2 protein chains.
Amino acid sequence: MNDKERRSMPLFSIGIVMKLTELTARQIRYYEEHELVFPERTSGNQRLFSFNDVDRLLEIKDLLDKGLNLAGIKLLLDESVEEKQKQSEVKNSELSDRELRTILKNELKHAGRLGQTNLRQGELSRFFVNR
Amino acid sequence: MNDKERRSMPLFSIGIVMKLTELTARQIRYYEEHELVFPERTSGNQRLFSFNDVDRLLEIKDLLDKGLNLAGIKLLLDESVEEKQKQSEVKNSELSDRELRTILKNELKHAGRLGQTNLRQGELSRFFVNR
DNA sequence: AAAATAATGTAAGAAATACTAACATGAGGT
DNA sequence: ACCTCATGTTAGTATTTCTTACATTATTTT
């Protein structure tokens, strides 16, 4: 079992994720509905979240606090995943990029204050997963 | 939040612990009943296990495989906790020590083969918790 | 200003998971 | 043969989670 597998291992029920992220069940499910997180399911259809999922939720929370909307956050997170994957490979999927800028230009009119919570983005797996 | 707190943070439902340890719910509850692990509880009385708890369960499983009984395992684990705590401080609680030897002398007549499982003692938090 | 949209709250009913307590069983030791 | 230990199994209840639907509030859009 390597790092990547550890980070994506389904471990946490929604109740625990609520405490870890200080999000409500409604919020967490809504973000899944909009394809921002992809928790696994038990055989009985109960959600199981990984460290990665929890970190993503913390990122979402942070960006929401900064005034982004879910569409923008989705693009941002998808982009950063793509970047990590094809680490400066060829083209940065131009259409996505234009979309991104178009949307974020609008979103970032807001952006300012930030709420302080217990855990912040990336913190959970930084705490728990060896690198 | 430091290492110690991370390791003892209540995170896992019994269902996940079952998968992580390949123990049955009955076994896990039985070990708790006999004071070998001490999971926390939710407000609704559901068990919540920490990394430490899971590691302890993996140790218990290992020692059971080697033929020890629960009484012996309890003494062993309690001893090793004490040792870690008062790291070569003064006396090794002589009575406990005599008891330990008496009991283990008997137990260790067996001890041999070992079953291979996914995770082994200490492995879970070694995997997940920074040191 | 009225209407639409986004994000979240809330409630209902069903399904899954977990709890305790009790009795059953099989392997070893005495 | 009888005990004890560790575990299986079952029953009934409680807790948690699920989906769906409707409500609410703030912010755009028309």
Side-chain angles (χ1 to χ4, degrees), chain A residues 10-37 39-49 53 57 60-75 102-113 115, chain B residues 10-49 53 57 60-75 102-103 105-113 115:
Chain A
L11 292 173
F12 306 115
S13 67
I14 200 171
I16 292 160
V17 174
M18 289 171 63
K19 283 182 194 152
L20 289 173
T21 61
E22 292 178 317
L23 294 167
T24 66
R26 184 68 173 94
Q27 289 175 300
I28 296 169
R29 295 192 189 113
Y30 187 72
Y31 304 155
E32 183 195 24
E33 203 180 323
H34 290 261
E35 302 184 282
L36 289 158
V37 278
E40 307 255 323
R41 300 286 181 131
T42 67
S43 56
N45 200 40
Q46 315 271 124
R47 270 165 267 252
L48 280 185
F49 297 79
D53 292 327
L57 287 170
I60 293 165
K61 195 184 176 188
D62 237 55
L63 292 171
L64 276 170
D65 277 347
K66 291 181 178 151
L68 296 235
N69 68 10
L70 290 191
I73 294 172
K74 179 165 170 47
L75 283 177
T102 304
I103 291 180
L104 291 188
K105 184 179 53 180
N106 196 0
E107 307 310 341
L108 289 167
K109 281 190 291 193
H110 315 262
R113 65 266 141 60
Chain B
L11 292 173
F12 307 114
S13 67
I14 200 170
I16 292 160
V17 174
M18 288 171 63
K19 283 183 193 149
L20 289 173
T21 60
E22 292 178 316
L23 294 168
T24 66
R26 184 67 172 94
Q27 288 175 300
I28 296 169
R29 296 191 188 114
Y30 187 71
Y31 304 155
E32 183 195 23
E33 202 181 323
H34 289 262
E35 301 183 281
L36 288 158
V37 277
F38 310 92
E40 307 255 323
R41 301 287 181 128
T42 67
S43 55
N45 200 40
Q46 316 266 126
R47 269 165 268 253
L48 280 184
F49 298 79
D53 291 327
L57 287 171
I60 292 165
K61 194 183 177 188
D62 236 55
L63 293 171
L64 275 170
D65 277 347
K66 292 182 178 151
L68 296 236
N69 67 11
L70 290 192
I73 294 172
K74 180 164 170 46
L75 283 177
T102 305
I103 291 181
K105 184 179 54 180
N106 197 0
E107 307 310 340
L108 290 167
K109 280 191 292 193
H110 314 261
R113 65 269 141 61

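These values consider heavy atoms only, across backbone and side chains, with no hydrogens, waters or symmetry-generated copies. Remember, predicted model here, so these are calculated numbers, not experimental data. All chains are named by letter (A, B, ...) in the order of the sequence lines, taking the proteins before the strands, and each is independently numbered beginning at 1.
In the set D/dT17, D/dG8, C/dG9, C/dG9 carries the atom at the smallest distance from any side-chain atom of A/Q27. For A/Y30, counting side-chain heavy atoms from C-beta on, the closest listed nucleotide (C/dA6, C/dA18, C/dG9) is C/dA6. Side-chain proximity of B/N69 to C/dA7, D/dC18, D/dA6: nearest is D/dA6. Closest to the side chain of A/Q46, from the set D/dA6, C/dT8, C/dA16, is C/dA16. Set against C/dA7, C/dC19, D/dT7, the side chain of B/R41 has C/dC19 as its closest nucleotide. Checking C/dT8, C/dA22, C/dA6 against the side-chain heavy atoms of A/R26 singles out C/dT8 as nearest. When distances are taken from the side chain of A/R29 to each of C/dA18, D/dT19, D/dT7, the shortest belongs to D/dT19.
Ion pairing of A/E32 with A/R41 is present here, as a side-chain N (NZ or NE/NH1/NH2) and a carboxylate O approach within less than 4.0 Å. Under a 4.0 Å N-O distance rule, the pair A/D62/A/K66 qualifies as a salt bridge.
The shortest non-hydrogen separation linking B/I14 to B/R29 is CD1-NE, 3.9 Å. Minimum interatomic distance between B/V37 and B/D53 (heavy atoms only, all atoms of both residues): CG1-O, 3.9 Å.
At whole-Å resolution of the value, CD1 in A/I73 and C1' in C/dA6 are 12 Å apart. Computed from coordinates, the A/L23 CG to C/dA7 P distance equals 14 Å when rounded to whole Å. Taking atom CG of B/N45 as the reference point, atom P of C/dT20 lies 6 Å away to the nearest angstrom. A straight line from CE of A/M18 to C1' of C/dT8 spans 13 Å, rounded to a whole angstrom. If you take CD1 of B/I14 and C1' of D/dT17, they are 17 Å apart, rounded to a whole angstrom. When rounded to the nearest whole Å, the span between NE2 of B/H34 and C1' of D/dT4 equals 11 Å. As rounded to whole Å, 16 Å separates atom P of C/dT5 from atom CD of A/E33. We find that CG of B/L70 is positioned 12 Å from C1' of D/dT4, with the value rounded to whole Å.
Of the options A/L36, A/L20, A/I28, a side-chain contact (heavy atoms from CB on, under 4.5 Å) to A/L57 is made by A/I28 and by none of the others.
Remark: A/T42 is not in phosphate contact with C/dA16, judged by side-chain N or O atoms under 4.0 Å from OP1 or OP2. Between A/T24 and C/dG9 there is a side-chain polar atom (N or O) within less than 4.0 angstrom of OP1 or OP2. Note on B/S43: every side-chain N or O is 4.0 Å or more away from OP1 and OP2 of D/dT15.
Between B/Y31 and B/G44, the residue anchored nearer the 5' end of DNA chain D, judged by the nucleotide with its closest heavy atom, is B/Y31.
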